[in-house]
K.L.:
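Quick one: structure below, then a few questions.
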There are 2 protein chains.
Amino acid sequence: MMISKRLSELRKKRQWSLQYIADQLNIAKSTYAGYESGYRQPSLEAVKELATLFGTTTDYLLGATDEEQPSIELTRPTVRLTVDGEAVTEDEIIQLIAFIRAKRDIENKK
Amino acid sequence: MMISKRLSELRKKRQWSLQYIADQLNIAKSTYAGYESGYRQPSLEAVKELATLFGTTTDYLLGATDEEQPSIELTRPTVRLTVDGEAVTEDEIIQLIAFIRAKRDIENKK
DNA sequence: GTGAATGTACGCGAATCGCGAACGAATGTA
DNA sequence: TACATTCGTTCGCGATTCGCGTACATTCAC
């Protein structure tokens, strides 16, 4: 079960106890322990709350993605980018990439 | 139930039948119908498959976000950007934002 | 030693699941 | 018009899974 693996990893990384998480979600320690062991599956609501608690996404918890923090590669634009709520155009992204590459080039020559 | 609302919206927008979705997920029509009516909750696995089928995210289906397509606001420093696999620094992002804003300013004055 | 905290496992009653079946309404076909 | 098909909705059923309390071994602090 992917979610049990992810929960276990995230919790240990933060050095949180089972009890702490159970308290945050208002569920029994044994209930949350079941999530990590794979003995139980959290409700959809619990999944949402866990994602918030861990500061990650439900997609990551469920294994729909492997990126704990959403991260985007500009040269392969799979998501919509916005600045001040307004979409960044494709042309602008191309310019941004050129800008970053040029900047790195200069840095590397030092 | 947020997910039932979202599923219903997405399916109708695509003009798909209950049966079609049920076939895609290999579940009974009544089972999927239960998801939309709120009478049943899909399993975590089903949520993942539904997100794939609809081309959206589990976060959207569960109501953890309101954006159907993942979209990233650059001015929020929660995102990790990469170019050619290498992380874009926070300073660089600030410069990018300034660049975009300046560009828009010029456009607007035309 | 003693107490508290941690992680693990189990049994129980209650809740929920997925399914097939049945239904009326709408649509298609001859 | 008659008839069949598709659609969305709802129900009961058996089986599964849930969340909880509880118990236990281990570890740590005092």
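Worth knowing before you read on, the calculation uses all heavy atoms, side chains too, and leaves out hydrogens, waters and symmetry mates. We name chains A, B, ... by the order of the sequence lines, and we start the count at 1 in each one.
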K.L.:
Cluster question for you: counting only ILVMFWY and a side-chain heavy-atom cut-off of under 4.5 Å, with indirect links fine, are B/Leu18 and B/Met1 together?
P.N.:
yes
K.L.:
How close or far is atom C1' of D/dT10 from atom CG of B/Leu18, stated in whole angstroms?
P.N.:
13 Å
K.L.:
Can you measure B/Ile21 atom CD1 to D/dC7 atom P for me and round it to whole angstrom units?
P.N.:
12 Å
K.L.:
Looking across every strand, which nucleic acid part, if any, lies under 4.0 Å from A/Glu36 by heavy atom: base, sugar-phosphate, or nothing?
P.N.:
nothing
K.L.:
Using the rule that Ile, Leu, Val, Met, Phe, Trp and Tyr join whenever any side-chain heavy atoms are under 4.5 Å apart, tell me whether A/Tyr39 and A/Ile27 fall into a single cluster.
P.N.:
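No.
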K.L.:
Would you kindly give the NZ-to-P distance between A/Lys29 and C/dT6, to the nearest whole Å?
P.N.:
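The answer, rounded to whole Å, is 8 Å.
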K.L.:
Quick one: label A/Tyr35 by what it contacts on the DNA or RNA (base, sugar-phosphate, nothing), any heavy atom closer than 4.0 Å.
P.N.:
sugar-phosphate
K.L.:
A/Gln41 or B/Lys12: which one's nearest nucleotide on DNA chain D is closer to the 5' end?
P.N.:
B/Lys12
K.L.:
Do A/Ile21 and A/Leu50 touch side chain to side chain, with heavy atoms closer than 4.5 Å?
P.N.:
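With C-beta onward as the side chain, the pair touches.
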K.L.:
Would you say that B/Val83 contacts A/Arg104 through its side chain, given a criterion of any heavy-atom pair below 4.5 Å between the two side chains?
P.N.:
yes
K.L.:
Using a cut-off of 6.0 Å, state whether more than 12 heavy atoms not belonging to A/Gln15 lie near its atom CD.
P.N.:
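It does not: A/Gln15 CD has 12 such atoms or fewer within range.
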K.L.:
Does C/dT6 have OP1 or OP2 under 4.0 Å away from a side-chain N or O of A/Ser17?
P.N.:
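Checking C/dT6 against A/Ser17, a side-chain N or O does come within under 4.0 Å of OP1 or OP2.
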K.L.:
Can you tell me how far C1' of D/dG8 sits from OH of B/Tyr39, to the nearest Å?
P.N.:
16 Å
K.L.:
Round to the nearest Å and state the distance from B/Arg40 atom CZ to D/dC18 atom P.
P.N.:
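Result: 14 Å.
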K.L.:
Using whole Å, what does the distance between atom P of nucleotide D/dG19 and atom OH of A/Tyr32 come to?
P.N.:
13 Å
K.L.:
What nucleotide, of C/dG7, C/dG20, D/dG8, holds the atom closest to the side chain of B/Ala28?
P.N.:
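Output: C/dG20.
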K.L.:
Taking only the side-chain heavy atoms of A/Ala33 (C-beta and beyond), determine which of D/dT9, C/dT8, D/dC18 contains the nearest atom.
P.N.:
C/dT8
K.L.:
To the nearest angstrom, how far is B/Asn26 atom CG from C/dC19 atom C1'?
P.N.:
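It works out to 13 Å between those atoms.
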K.L.:
Reckon B/Thr31 has a side-chain N or O less than 4.0 Å from the OP1 or OP2 of C/dC19?
P.N.:
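True: B/Thr31 side-chain N/O within range (under 4.0 Å) of C/dC19 OP1/OP2.
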K.L.:
Could you identify the nucleotide paired to C/dA30, looking across every strand shown and requiring Watson-Crick or G-U wobble geometry with both distances under 3.5 Å?
P.N.:
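Partner of C/dA30: D/dT1.
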K.L.:
To the nearest Å, give me how far apart CG (A/Asp23) and P (C/dG7) are.
P.N.:
12 Å
